[in-house]
Amino acid sequence: NASSVSLADAAYVKISEGDFGYVLDDVPHLVDHLPDAPTYPNPLQDHPAYSTVKQYFVNEDDTVPQKVVVQKNSRRGVHFRRAGPRQKVYFESDEVKACIVTCGGLCPGLNTVIRELVCGLAHMYNVSKIYGIQNGYKGFYSSNYLTLTPKSVDDIHKRGGTVLGTSRGGHDTKKIVDNIQDRGINQVYIIGGDGTQKGAYEIFKEIRKRGLKVSVAGIPKTIDNDIAIIDKSFGFDTAVEEAQRAIDSAHVEACSAENGIGLVKLMGRYSGFIAMYATLASRDVDCCLIPESPFYMDGEGGLLQYVERRLKENKHMVIVVAEGAGQDLIAKSLSTSEQQDASGNKLLLDIGLWLTHKIKDHFKSKKIEMTIKYIDPTYMIRAIPSNASDNVYCTLLAHSAIHGAMAGYSFTVGNVNGRHAYIPFYRVTSTRNKVKITDRMWARLLSSTNQPSFLSQKDIDEAKENDRTANKPPLPTGLSHHVAN
Ligand code: ATP
Ligand code: MG
């Protein structure tokens, strides 16, 4: 039985005769553990709130598989260590010195995660030394540390943004670890996107190199939902919900004019999840454009022809475009070369503005009257507090992170197939989660908007080939995996 494979050897385990005659090829991807086994009894054992739970502690060997549906004779794929409280913990409550940092762009739910980290550490594990690092990674060595208590963070989840401040741009890993070492910090909670998690992995490796007894827990933050492996990132639900309001406004504008077009640009640098889900939820959208699905403007079957046809049929139209869509088209037409922001991310050209002009020019040249209203709700969406479902998700993520750090693990935490898991850093940073245009969900979108797919056979073949190669999991890079027991 695949799930009872001992994880003591963190290598590929091959089972030729598995459940029901299926061939299961299991790859346990374990997170790193501090060298010695945890020895202290978990203080939650005496906590009245948990005394009624039938099986509160998570079995050390429990894993969460990445694939739940396995076709006959195909691999089950990778699985990860299940998150949750352990019977034994690595740190005694009064020796814990924890710090929390937020990096990258804003996303609904940051304050909820901060709050629940502080309250969870204090209330579940009686930890009293908790510090907030100000303004992102560089705050480790350039700002004072804030003292955080359950009282000081009591109502911050009702506010958008991050009370700790955040930043983009580079940082000095060695200086960060110097500060962690000097201040005797032994649990580092890092909330941020793909860049931040890469940074967390570097910090973790430096900590390991120096032999420090420090747990590093990454909590992935990405409004775009583009972090690999995990089902969904916090703030995504809130973003989709808020995006509806922008789409509603665009629809009202479009309906109120003859040949009215409402154009909404949504977040999604590389992954069009927000645009796709907002479109599916709204039903008012006639065309959704995402980075994963190439499109073209002119000629037979191009976007302009489709817009013309829709206006003729309906007299109005709503277009949703993800910020990373059509970048190749703009770059070609403006003949600009690629530029980067302070963190080394590709600087995007404004697809919304570019499309607005293109569509206007097209109808002007055909002497057809129309109006187009362009709405970019990006910074309004990023700054709102998280909704109810994200608040619950943030709470659970924070608690899973605490349980893992207390047990001596270093990891990124996330939901995998509905179960919280500890994922090795290298797994979440080596690939990006993208909308698969060969999947059913994108087909559902196309049938809901009734838009053309704009894809040539070559595009489709390429997408299928990408899917095939993207399924291969990367191997651990160099680090030995210490497993308790
Ligand atoms: P988002 O893109 O969702 O806003 P992010 O975490 O990707 O979030 P970035 O601005 O790219 O945001 O990075 C945040 C921090 O992570 C920066 O301070 C930067 O120093 C660090 N960082 C970014 N990329 C890397 C990398 N490749 N390796 C190490 N650290 C990185
Ligand atoms: Mg990023």
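Both ligands and their constituent atoms are indexed starting at 1 by order of listing.
Listed by atom number, the atoms of ligand 1 under 4.0 Å from G199 heavy atoms are 29 (C), 30 (N). If you number the atoms of ligand 1 from 1 as listed, the ones under 4.0 Å from a heavy atom of G104 come out as 4 (O), 8 (O), 12 (O), 14 (C). Set against the non-hydrogen atoms of G193, the atoms of ligand 1 under 4.0 Å away are 5 (P), 6 (O), 7 (O), 8 (O).
Taking only nitrogen or oxygen atoms, main chain and side chain alike, G169 reaches within less than 3.5 Å of ligand 1. For ligand 1, the polar-atom distance check finds an N/O of G105 within less than 3.5 Å of one of the ligand's N/O atoms.
For atom 13 (O) of ligand 1, the closest heavy atom belonging to the protein is S343 OG, 3.8 Å. Here the protein heavy atom with the shortest distance to atom 24 (N) of ligand 1 is G195 CA, 3.4 Å. For atom 7 (O) of ligand 1, the nearest non-hydrogen atom of the protein is D194 OD1, 2.4 Å.
Of all the listed residues (T196, I191, L106, T173), T196 holds the heavy atom that lies closest to atom 6 (O) of ligand 1. Here the shortest heavy-atom distance to atom 20 (O) of ligand 1, taken over R168, E202, H171, K221, belongs to H171.
For H403 and Y125, the side-chain atoms include at least one donor-acceptor pair closer than 3.5 Å. Side-chain atoms of D237 and S389 include a donor-acceptor pair closer than 3.5 Å. When only modelled atom types and interatomic distance are considered, S333 and W354 share a side-chain donor-acceptor pair under 3.5 Å. Under 3.5 Å, the side chains of N415 and H420 contain a donor-acceptor pair of N or O atoms.
Between F234 and Y393, the gap from one ring centroid to the other reaches at least 6.0 Å.
Of all N, O or S atoms in D194, the one lying closest to the Mg ion (ligand 2) is OD1.
Between K265 and D350 a salt bridge is recorded (basic side-chain N to carboxylate O distance below 4.0 Å).
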